[in-house]
Amino acid sequence: MDGEVTILRHLEKMGCRVVNRLQPMLRCINKFWTLQELAGHGIPVPDSLSYGGYLGMQELIELGESRLSYPLVVKNTRGCRGNAVFLAGNKGQMLEIQHVLKMDTPYLFQQYIKESHGRDVRVMVIGGQVVASAKRISQGGRLQSNFSQGSLPELYPLDESGRNLASRVSEILGMDICAIDLLIRDDGSFCVCEVNSNPGFIPLGKTCNLDIHSLIARHVISFLQNPGNCNNN
C-alpha cells in the first residue's frame with residue numbers, strides 16, 4: 001500500500017488528475033476512518049468503536065462490551081471481500097476469535113443490525129450520481145453479503161432518500177467513483193456500512209443491465225474535455 005500511495009502522490013505532484021484522488025481514497029482505506037468522517041457529517045452509521053492496538057486482550061474485549069451489547073460485529077478495519085468479518089453472539093464467541101484481534105491491523109466492533117443480517121444494498125456512484133443499485137442476499141445464513149462470498153443479487157431501485165444519502169456520502173468523502181454498502185433497517189431507512197473506493201462492479205452491472213465500464217470512462221473523459229474540473233483538492 002505504501003508503494004501505491006507513493007505513486008499516486010507523485011502523479012498528483014506532477015499535476016495529474018488521479019481518479020479517485022489520493023486523499024479521498026485514504027479516507028476509505030480504513031473502515032473506521034470512513035465511519036468517523038461520515039458520522040461527523042451526520043450520516044447514519046452503525047454504532048462502532050475501534051482501538052489503537054495498545055490494549056491488552058482482556059481490556060480490548062471489556063472495551064467492546066462496555067459500549068456495545070451482544071451480538072456484535074467484529075471486522076478488520078482494512079478487510080475486503082467480506083473476509084475477516086465475524087459475528088460474536090456472546091463473550092464466549094468473542095474469546096474464540098480473540099487470536100485475530102492480535103494482528104497488527106486493528107479491528108472494529110460494530111452494532112449488529114439484525115434486520116439486515118445477510119443482506120444489504122450495493123450502490124454505485126459515479127461523479128456524484130447514483131447509477132446502479134442492487135440488493136445482495138447471502139446464502140446459508142452467512143452474515144456477509146458480498147458478491148465474492150456467493151451472495152445473490154436482486155435489482156433494487158433506490159427511492160429518493162436512498163439516492164440522496166448515497167450521493168451525499170460520495171460528496172463528503174470526495175469520491176469520483178465509489179460503491180456504498182447500505183444496511184436496511186426495519187422502518188425501511190438506511191445506514192451506511194462501508195464505502196469502497198476501488199469497487200468491483202461486474203456483478204452489479206450485470207444485475208442492472210448496465211455498462212458501468214463505459215460510465216466510468218465517460219466520467220474520466222469529462223476531465224479531458226473540461227480541464228477546469230481537474231482540481232486535486
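The pair Arg17-Glu12 does not count as a salt bridge, with every side-chain nitrogen at least 4.0 angstrom from each carboxylate oxygen. Of the charged side-chain nitrogens involved, none lies within less than 4.0 Å of a carboxylate oxygen, so that Lys114 and Asp186 do not count as a salt-bridged pair.
Contact between Thr207 and Leu155 at its shortest, heavy atoms only, is CG2-N, 3.8 Å. The heavy-atom pair separating Gln110 from Cys193 by the smallest distance is OE1-SG, 4.3 Å. The minimum heavy-atom distance between Lys91 and Tyr70, with the atom names listed, is CA-OH, 3.4 Å. Of all non-hydrogen atoms in Cys208 and Ala132, the two that sit nearest each other are SG-CB, 3.8 Å. Of all heavy-atom pairs between Leu35 and Val192, the closest is CD2-O, 4.0 Å. The shortest heavy-atom contact between Asp159 and Phe190 is OD1-CE1, 4.3 Å.
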When you look at Glu194 and Lys75, which way does the salt bridge (charged side-chain N to carboxylate O under 4.0 Å, His left out) test go after all the steps?
CA-CA 11 Å; Glu194 296 179 9; Lys75 62 173 72 172; 3.1 Å; yes
Run the side chain to side chain contact (heavy atoms under 4.5 Å, CB included) check on Arg78 and Tyr107 step by step: do they pass?
CA-CA 8 Å; Arg78 297 199 181 199; Tyr107 274 65; over 6 Å; no
Apply side chain to side chain contact (heavy atoms under 4.5 Å, CB included) to residues Leu158 and Ser133 and explain how you reach the verdict.
CA-CA 7 Å; Leu158 284 176; Ser133 58; 3.9 Å; yes
Set out, in order, the CA-CA distance, both residues' side-chain angles and the distance that settles side chain to side chain contact (heavy atoms under 4.5 Å, CB included) for Leu87 and His117, then state yes or no.
CA-CA 10 Å; Leu87 180 63; His117 183 108; 4.0 Å; yes
Derivation of the salt bridge (charged side-chain N to carboxylate O under 4.0 Å, His left out) call for Glu160 and Arg163:
CA-CA 5 Å; Glu160 184 177 0; Arg163 295 175 70 88; over 6 Å; no
So Leu68 and Tyr112, side chain to side chain contact (heavy atoms under 4.5 Å, CB included) or not? Walk me through it.
CA-CA 9 Å; Leu68 299 169; Tyr112 171 52; over 6 Å; no
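Rounding to the nearest 0.5 angstrom, the gap separating the CZ atom in Arg218 from the CD1 atom in Ile126 is 9.5 Å. For the atom pair NZ of Lys31 and CG of Leu108, the computed distance is 8.0 Å after rounding to the nearest 0.5 Å. In this structure, CD1 in Ile113 is found 11.5 Å from CZ in Arg119, a value given to the nearest 0.5 Å. Rounding to the nearest 0.5 angstrom, the gap separating the CD atom in Gln93 from the CZ atom in Phe86 is 12.0 Å. Within the model, atoms NZ of Lys13 and CG of Leu11 stand 12.5 Å from one another, a figure rounded to the nearest 0.5 Å. For the atom pair Asp181 CG and Asp120 CG, the distance stands at 5.0 Å (nearest 0.5 Å).
Under the 3.5 Å distance criterion, the side-chain polar atoms of Ser48 are matched with a main-chain donor or acceptor of Pro46. Remark: side-chain polar atoms of Thr34 are paired, donor with acceptor, to backbone N or O of Arg27 under 3.5 angstrom. Here the side chain of Asn196 pairs no donor or acceptor atom with the backbone of Asn198 at under 3.5 angstrom. Using a distance-only test at 3.5 Å, with no hydrogens or angles considered, no donor-acceptor pair links the side chain of Ser50 to the main chain of Phe32. Gln111 contributes a side-chain N or O that, together with a main-chain N or O of Asp47, makes up a donor-acceptor pair within less than 3.5 Å. No donor-acceptor pair under 3.5 Å is formed between the side chain of Ser116 and the backbone N or O of Arg185. Within the 3.5 Å criterion, the main-chain N or O of Ala179 finds no donor-acceptor partner in the side chain of Arg122. A donor-acceptor contact shorter than 3.5 Å links the side chain of Asn20 to the backbone of Asp176. Distance alone, capped at 3.5 Å, is enough to place a donor-acceptor pair between the Ser170 side chain and the Met175 backbone.
With Met124 as the fixed residue, the side-chain contact (heavy atoms from CB on, under 4.5 Å) test singles out one of Ile216, Val130, Leu215: Ile216.
Put simply, Leu173 and Val5 are part of two different groups of oily side chains (I, L, V, M, F, W, Y) that touch within less than 4.5 Å, one to the next. Grouping the Ile, Leu, Val, Met, Phe, Trp and Tyr side chains by contacts below 4.5 angstrom, directly or via other members, places Val125 with Ile184. Ile137 and Tyr156 fall into different hydrophobic clusters, where Ile, Leu, Val, Met, Phe, Trp and Tyr residues are linked whenever their side-chain heavy atoms come under 4.5 Å apart, directly or through other members. Note on Val195 and Val121: same hydrophobic cluster, where clusters join Ile, Leu, Val, Met, Phe, Trp and Tyr whose side-chain heavy atoms are under 4.5 Å apart, directly or indirectly. In this structure, Leu204 is not a member of the same hydrophobic cluster as Leu182, with clusters built from ILVMFWY side-chain heavy atoms closer than 4.5 Å.
Under a cut-off of 6.0 angstrom, the local environment of CG in Asn209 is sparse, with at most 12 non-hydrogen atoms contributed by other residues, nucleotides or ligands.
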